[in-house]
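Side-chain atoms are counted along with the backbone in the values below, which use heavy atoms only and exclude waters and symmetry mates. We name chains A, B, ... by the order of the sequence lines, and we start the count at 1 in each one.
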There are 2 protein chains.
Amino acid sequence: MLNQSAALDATFQALADPARRSMLSRLSFGPTSVSELARPLKMSLPAVMQHLAVLEASGLVRTRKLGRVRSCRIEPRGLSLAERWLNQRRTEWEQRFDRLGDYLETMKKETRDHGQ
Amino acid sequence: MLNQSAALDATFQALADPARRSMLSRLSFGPTSVSELARPLKMSLPAVMQHLAVLEASGLVRTRKLGRVRSCRIEPRGLSLAERWLNQRRTEWEQRFDRLGDYLETMKKETRDHGQ
DNA sequence: CGTATACTTAAGCATATGCTTAACCAAAGC
DNA sequence: GCTTTGGTTAAGCATATGCTTAAGTATACG
């Protein structure tokens, strides 16, 4: 089991490559094989396998071999983990902004009321 | 200007390191100096500077030097870009699931109505 | 002016990443 | 059974990343 921080490391690292994001985009429309994932990419099959391994290690993708073809599907909980982290940071920032707004509003009122 | 894909590369890459996420977490509560960002991290100041450069290059953070201290603040639009990409992938996946659900529902109805 | 503070630059180094080519293996198709 | 198809393993290599220490610069303080 990966701890939270290591899981985020692996997830964001996996997301940081255009080939891997392309694979995830394809997979977001439904499961597919390795060679289907490779088709639009300008690189060798072993390279695609390595990207796939990164995606699988991060928990963003799950795969399963049936006969000689490996079927790959997206794991939406992997996406959610990353999405939640980003959302929390953004929310904290916005809350701070709200408090700042309240503070400025209060100052304005006090200036008006007490003629500072 | 970075194109969309390069911007996502830089953003997710920046997010893939625990020290940089720690810095972003701190910054989500408000602007601060470099040495303040460095305080909780077990590394040299130059190392922190390098992480900061990565964050700034990705557009997740903006900095500005006043006197001898550099003030750093989070750039929420950087977070949004990454968040939106994740959200789109997850949404596509969920829509596919909905369509699959509809299909299965249709099949069930047809079986019931026409006694297939 | 002299010293402390807050970075900043440069160099060097170990490990990680992203790719390649060259075999290799095992299920399908004929 | 022999070949094609779909994937896998291994090795090697160039570049990128994450850190370090040592030395520098530019404010601010007393």
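- S35(B) contributes atom OG, which lies 7.0 Å from atom CG of L45(B) (distance to the nearest 0.5 angstrom).
- Atom CG of L37(B) and atom P of dT8(C) are 12 Å apart (whole Å).
- Both tests hold for R89(B) against W85(B): distance to the six-membered ring centre under 6.0 Å, angle to the ring axis within 45°.
- Backbone-only contact: S35(A) has heavy atoms under 4.0 Å from sugar-phosphate atoms and none from a base.
- We find that CD of E36(B) is positioned 15 Å from C1' of dT5(C), with the value rounded to whole Å.
- For R68(B), counting side-chain heavy atoms from C-beta on, the closest listed nucleotide (dG18(D), dT20(C), dA6(C)) is dA6(C).
- Regarding F12(B), its CZ atom lies at a distance of 22 Å from the P atom of dA16(D), rounded to whole Å.
- Of the candidate nucleotides dT8(D), dC7(C), dT20(D), dT8(D) has the atom nearest to the side chain of L45(A).
- Taking atom CG of residue D9(A) and atom P of nucleotide dT17(C), one finds them 10 Å apart after rounding to whole Å.
- Comparing dT8(D), dT20(C), dG6(D) against the side chain of R70(A) picks out dT8(D) as the nearest.
- Toward the 5′ end of DNA chain C lies the nearest nucleotide of L52(B), the other residue of the pair L52(B) and D17(A) mapping further downstream.
- For the pair M23(A) CE and dG18(C) P, the computed distance is 12 Å after rounding to whole Å.
- Among the nucleotides dC19(D), dG7(D), dG18(D), the one closest to the side chain of S33(A) is dG7(D).
- In this structure, S44(A) does not reach the dC19(C) phosphate: none of its side-chain N or O atoms is under 4.0 Å from OP1 or OP2.
- When distances are taken from the side chain of K65(B) to each of dT8(C), dG18(C), dG18(D), the shortest belongs to dT8(C).
- Summarising the geometry, atom CG belonging to D9(B) is positioned 6.5 Å from atom CG belonging to D17(A); distances are rounded to the nearest 0.5 Å.
- Nearest-nucleotide positions on DNA chain C for Q13(A) and M43(A) put Q13(A) closer to the 5' end.
- Side-chain contact of T63(B) with R70(B): a donor-acceptor pair under 3.5 Å is present, judged by distance alone.
- Rounded to an integer number of Å, the gap from CG of L66(A) to P of dA26(C) is 17 Å.
- A straight line from CZ of R64(A) to P of dA27(C) spans 16 Å, rounded to a whole angstrom.
- Within the cation-pi definition used here (under 6.0 Å to the ring centroid, within 45° of the axis), R90(B) does not qualify as a partner of W93(B).
- We find that CD of Q50(A) is positioned 10 Å from C1' of dT9(D), with the value rounded to whole Å.
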